[in-house]
Amino acid sequence: MELEALLKERAAAAGEPSRVLGSWVRRGWTAAGPSAGVGETEMGAGTVSPPAESALRRPRGLEPQPVDIAEEEEAEYEALPEGATITTYMLAGAVAGIMEHCLMYPVDCVKTRMQSLQPDPAARYRNVMEALWKIIRTEGFWRPMRGLNVTATGAGPAHALYFACYEKLKKTLSDVIRPGGNSHIANGAAGCVATLLHDAAMNPAEVVKQRMQMYNSPYQRVTDCMRTVWRNEGAGAFYRSYTTQLTMNIPFQAIHFMTYEFLQENLNPHRQYNPASHMLSGACAGAVAAAVTTPLDVCKTLLNTQESLALNSLNVSGHLSGMANAFRTVYQIGGVTAYFRGVQARVIYQMPSTAIAWSVYEFFKYIMTKRREERRAGH
């Protein structure tokens with residue numbers, strides 16, 4: 001029969017006969033009219049079911065086409081973010097932020113030390129692996145992890161605000177700039193605004209963390225560091241680098257989000273949940289943004305640590321503050337090359353960090369939103 005041959009041909013092309021036929025039944029036959037849902041008549045020689053008769057009478061150019069299963073799954077995933085809530089974004093973002101910072105913390109410790117402008121002779125390193133091995137061998141196995149607790153504490157709320165703000169603003173701005181589509185301008189702008197909230201929550205933890213990461217740091221516990229900074233430098237010390245942090249992170253996040261969304265458009269155009277594409281896009285976006293903004297990160301580290309050897313070499317009294325002063329001081333100490341101290345460590349840190357953050361975030365967002373939709377469908 002013509003119908004049987006046609007079904008076999010299409011099923012062979014798809015490789016999954018039962019799923020193609022099921023898709024045809026669900027979507028294709030419904031266009032045949034009210035009789036499409038009628039049960040089949042007894043199958044005997046020379047008899048066919050009512051839907052089959054309808055199909056045979058249908059002009060060939062108007063035949064219902066089977067729907068590809070991959071397209072169904074893509075459509076299902078694309079529909080999920082529509083049901084996502086602020087709580088979903090915040091929980092997924094908090095988990096992603098904590099995992100990112102915890103897993104990459106040893107490399108972050110190395111990055112902080114390699115950005116030192118006047119390092120102690122015992123704390124001079126050629127590369128990331130040598131630095132990590134030397135720190136463990138001379139200062140103890142757990143030394144690269146000192147300050148992790150305050151970082152994890154700050155990363156949870158900071159990334160919750162960060163991703164929730166980004167998702168909502170991205171959608172709102174994209175609808176204004178490019179209705180029904182994706183706008184890179186909207187992605188960049190949403191990332192910039194999200195950074196304001198993220199850094200406001202994260203900056204105090206960043207100050208404490210970097211002081212504990214420095215070589216010969218006098219602080220053994222987070223509480224000791226916080227008390228000493230508060231007593232000697234005042235509450236403003238926890239936000240001394242905030243403007244520089246924003247100056248660095250706003251372009252960083254704009255580049256980061258625009259690059260990520262651009263790569264997703266090319267690697268994952270249907271926006272399925274695809275761990276490989278999320279990780280690759282995140283890693284590339286982090287590497288590009290990290291390399292471009294390294295000079296600002298060096299200045300931020302100097303403001304956070306108030307590196308005594310570097311400031312004493314220029315006879316700087318008191319505490320260094322302000323982005324302009326930091327830029328000038330870095331140039332006076334090491335010239336143009338000083339702005340790129342630790343660039344290798346920064347890129348090596350950011351690539352897996354952003355890969356972890358995006359893959360974990362997309363996974364939890366997908367799982368939580370899907371479960372929410374399933375619960376809603378069950379009621």
Side-chain angles (χ1 to χ4, degrees), residues 97 99-148 150-152 155 202 205-217 241 244-245 247-249 251-253 255-256 259 279 282-307 309-310 326-327 329-330 333-358:
M99 289 190 67
E100 168 197 348
H101 284 282
C102 289
L103 292 175
M104 296 305 301
Y105 194 81
V107 182
D108 185 45
C109 176
V110 170
K111 174 183 74 71
T112 297
R113 291 201 182 187
M114 292 184 75
Q115 288 178 337
S116 175
L117 298 174
Q118 294 285 349
D120 186 282
R124 293 176 180 169
Y125 317 108
R126 289 192 298 270
N127 55 60
V128 174
M129 292 308 299
E130 183 206 33
L132 193 57
W133 171 244
K134 192 172 182 180
I135 291 170
I136 292 173
R137 191 179 71 250
T138 60
E139 302 175 51
F141 181 79
W142 295 108
R143 182 62 183 89
M145 305 301 291
R146 188 182 294 177
L148 174 61
V150 70
T151 300
M202 196 67 188
E206 190 80 6
V207 171
V208 174
K209 175 203 75 173
Q210 290 197 314
R211 294 201 182 205
M212 297 187 73
Q213 287 175 332
M214 294 298 287
Y215 180 74
N216 272 342
S217 172
S241 65
T244 302
Q245 182 104 334
T247 305
M248 175 190 74
N249 280 347
F252 175 91
Q253 298 300 352
I255 296 169
H256 169 207
T259 304
M279 292 187 72
C284 293
V288 172
V292 171
T293 58
T294 294
L296 295 165
D297 194 40
V298 171
C299 295
K300 181 208 74 173
T301 299
L302 178 61
L303 290 173
N304 277 344
T305 61
Q306 296 293 306
E307 191 181 340
L309 288 176
F327 261 96
T329 302
V330 170
I333 292 172
V336 174
T337 57
Y339 292 116
F340 291 91
R341 283 182 180 270
V343 64
Q344 178 199 42
R346 180 166 163 78
V347 171
I348 290 175
Y349 168 76
Q350 285 295 345
M351 285 185 70
S353 290
T354 47
I356 291 168
W358 277 111

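Just so you know, residue 1 is the first one in the sequence shown, and it goes up from there. Basis for what follows: all heavy atoms, side chains included, without hydrogens, waters or symmetry-related copies.
- Scanning both residues, Gly282 and Trp358, for their nearest heavy atoms gives CA-CD1, 3.8 Å.
- Although no hydrogens or angles enter the test, the distance criterion places a donor-acceptor pair under 3.5 Å between the side chain of Thr354 and the main chain of Gln350.
- Taken to the nearest 0.5 Å, the CG atom of Asn249 stands 11.0 Å off from the NE2 atom of His256.
- Contact of the Tyr349 side chain with the Val128 side chain is not registered, since no non-hydrogen atoms from C-beta on lie closer than 4.5 Å.
- Looking only at distances, a side-chain donor or acceptor of Arg346 sits under 3.5 Å from a matching main-chain atom of Ala290.
- Summarising the geometry of Met104 relative to Ser353, their closest heavy-atom pair is CG-OG, 3.2 Å, with the distance given to 0.1 Å.
- For the pair Gln344 and Arg126, the tightest heavy-atom approach, listed with the atom from each and the gap, is OE1-O, 4.3 Å.
- Leu296 CG to Gln245 CD: the interatomic distance, rounded to the nearest 0.5 Å, is 10.5 Å.
- When all heavy atoms of Ala326 and Leu303 are compared, the closest pair comes out as CB-CG, 3.9 Å.
- Inter-residue side-chain proximity for Pro144 and Val110 is flagged as unmet; no heavy-atom pair is nearer than 4.5 Å.
- With values rounded to the nearest 0.5 angstrom, Tyr215 atom OH is found 11.5 Å from Arg124 atom CZ.
- The aromatic rings of Tyr339 and Phe327 are tilted relative to each other, their planes meeting at an angle between 30° and 60°.
- Checked by atom type and distance alone, the side chain of Ser241 never pairs as donor or acceptor with a backbone atom of Lys300 at under 3.5 Å.
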- Task: List the steps, then state whether side chain to side chain donor-acceptor pair (under 3.5 Å) holds for Asp297 with Gln115.
- Result: CA-CA 9 Å; Asp297 194 40; Gln115 288 178 337; 2.7 Å; yes
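- Taking CE from Met145 and OG1 from Thr151, the interatomic distance works out to 9.5 Å, rounded to the nearest 0.5 Å.
- Atom CZ of Arg113 sits about 13.5 Å away from atom OG1 of Thr301, to the nearest 0.5 Å.
- Once rounded to the nearest 0.5 Å, the distance linking CD1 of Ile255 with OG1 of Thr293 reads 6.5 Å.
- When all heavy atoms of Ala345 and Met114 are compared, the closest pair comes out as CB-SD, 3.9 Å.
- Contact check for Lys209 versus Asp108: side-chain heavy atoms found under the 4.5 Å cut-off.
- Residue Arg137 places its CZ atom among more than 12 non-hydrogen atoms of other residues, nucleotides or ligands, all under 6.0 Å distant.
- Panel note: side chain Arg211, backbone Ser217; no donor-acceptor pair is recorded below 3.5 Å.
- The two residues Leu148 and His101 have their closest heavy-atom pair at CD1-O, 4.2 Å.
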